[in-house]
Amino acid sequence: MEFLLHNTASGERDPIQASDGKTVRFYCCGPTVYGPAHIGNFRTFLIQDLFRRVCEASGLKTTHVRNVTDVDDKTIRESMAQGMALREFTASWQEKFEKDCAELNLLAPHHSPSAVDHIDEQIRLIEQLMEKGHAYQGNDGSVYFRVSSFDRYGELAHIRRDAQKENADGRINSDDEYSKDDVADFALWKSRKEEDGANYWESPWGDGRPGWHIECSAMSMRYLGPSIDVHGGGVDLTFPHHENEIAQSEAATGERFVRHWFHSAHLMVEGRKMSKSLGNLYTLADLKEKGYQPEEVRWALLSGHYRKTLNFTFDSLKAAQKALGRIGDLVEKLDLQAEDIDDLAPDQLEGDFRSAWESLLTDLNVPQALGFLMKEISRGEKSAGSLSKDEAVRWFASCRALLNTIGVNLEAWLSRRVSEEDTAASAPEEISKMAEARWAAKKEKDFAEADRLRNEISEAGWLVKDTPDGFELTPVS
RNA sequence: GGCGCGGUAGCCAAGUGGUAAGGCCGUGGACUGCAAAUCCUCUACUCGGCGGUUCGAUUCCGCCCCGCGCCUCCA
């Protein structure tokens, strides 16, 4: 079965293919490293990671490039506000970003080039555009791409320039409109400004810094060649960022820049847009602080279809937690030596596991895949006791294969759960004493006293669980 | 104003021209001295509203209402 993915450019589900017959080369627009990444950012990167995993599980090799934007208005402004060198500032945020990525089990891209490290490549690309007459220097010294020189401009976003210019409620009106020949033209090279401080580079057009769009074209070409298989990003980047990338790349090389455009929808939180003022711009750290594990966050963020706005709620996070708990309980009940069990290839899957895999191949339909997965979980729960060893091993291997494809690391989640149980066992002495008194009362069949103590312990924030030969204490969140 | 996406049970969320996956929550039950956990069971005569096409529409078409996105460097 082919891996089909919706292509923004064609508007259809197109098969994913390696144009060289071997390796799918794909580029993803990465983070601007000027602050903590929030779960909305991670949704996009998670979806790209899923895309890569499905490619690889289906037998395709990949070369995955995700850039780091480390020079723009925000990075410059913030670094200067904090009195830090740009590179020092961005490096610290990049490090935090990569740590979060690792916790969310995102595969590290094969290349993570930064814009600052590729100034030369960007300058060379702009030179080509100048030579071919697609770019010009404005009277402010900046270099602009001449949109009218590229006929196919607007094709990706399905935007007609004439229609857009007329009516934008005055929104197309920037400070530099007198420097550009046309308001739609965009900066390739920005001339040095005082507020940029020490952050400028030499170029044939004077000191300055690259515009935003050019970095992606330059680095995509540098690592993947002039024409690539897949390019991804958040929906908001479709226009103008990706449209501009196409224009400048194709104008420079004369080759088709990207065959398959892949965009993921945004996130809402509890039914509202994410925004600083609403205080719902959660980071991974925020959610961990609230007691959720990265695997649960990953599950929740992936639980909606990638082309549809996802309403991220704490209920869905709890549902993810519960789902992982069910899987974990079942796996423990099966009592298998996981490390001795061989990995299964997707085409060896059977039943609803198989259906789940096919859902992933059909435009990354994760919600449907999870539906099939949970059906198999229910089936497993019902038959866990009566499975033969072989059946249990096959069930487990299938389940793990699917979870791995989705990128949910069950083993990591389980081991964290075990270590949590260990720490939870150490309740304060006061609580333990009450619990022991209760156990004694229970032994004496003094249930009134036992219940009284249970309530008291409960009010202190702990839950008593009786087991066949004793009790356990767990904190109530 | 232009372009685009979406409105499916209390909540999250798939899906199909032929009669609604899955999860969470909730219900009832088993178990338990009582709990917790676990397991079993049940839970949308209906898919934003109104028309149309059709033997038949939640699924196709039209209009309307509501939400969201892009149209100046936001994943």
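Proteins get letters first, then strands, A, B, ... in listed order; numbering begins at 1 in each.
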Chemist: Starting at CG of A:L330, measure out to NZ of A:K382 and round the result to the nearest 0.5 Å.
Modeler: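 Here the interatomic distance stands at 12.0 Å.
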
Chemist: Mind calculating the distance between CG (A:D352) and P (B:A21) to the nearest angstrom?
Modeler: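 After rounding, the gap between these two atoms is 13 Å.
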
Chemist: Nearest whole Å is fine: how far is B:C34 P from A:D451 CG?
Modeler: 10 Å

Chemist: Rounded off to whole Å, could you give me the CD-to-C1' distance for the A:E456 and B:A35 pair?
Modeler: 17 Å

Chemist: Please determine whether any donor N or O and acceptor N or O are separated by less than 3.5 Å between the side chain of A:R438 and the base of B:G33.
Modeler: yes

Chemist: Judged by modelled atom types alone, do A:R66 and A:Q48 share a side-chain donor-acceptor pair under 3.5 Å?
Modeler: no

Chemist: When only distance counts, do a donor and an acceptor, one from the side chain of A:D315 and one from the base of B:C25, lie under 3.5 Å apart?
Modeler: no

Chemist: Could you say whether the aromatic ring of A:H266 and the base of B:A75 stack, counting only centre distances under 5.5 Å and plane angles under 30°?
Modeler: yes

Chemist: With respect to A:F51, which candidate in A:F3, A:Y306, A:F45 satisfies the ring-ring contact (aromatic ring centres under 6.0 Å, His included) definition?
Modeler: A:F3

Chemist: Tell me if the side-chain of A:K318 makes a donor-acceptor pair with the base of B:C11, cut-off 3.5 Å, by modelled atom types.
Modeler: no

Chemist: Is there a donor on the side chain of A:R307 or the base of B:C5 sitting less than 3.5 Å from an acceptor on the other?
Modeler: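 Side chain to base: no pair present.
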
Chemist: B:C73 P sits how many Å from A:L188 CG, rounded?
Modeler: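 Result: 16 Å.
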
Chemist: Both distances below 3.5 Å, Watson-Crick or wobble geometry, any strand: find the nucleotide opposite B:C5.
Modeler: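 For B:C5, the partner nucleotide comes out as B:G67, under the 3.5 Å rule.
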
Chemist: Base, sugar-phosphate, or nothing: which does A:K445 touch, judged by heavy atoms less than 4.0 Å apart?
Modeler: nothing

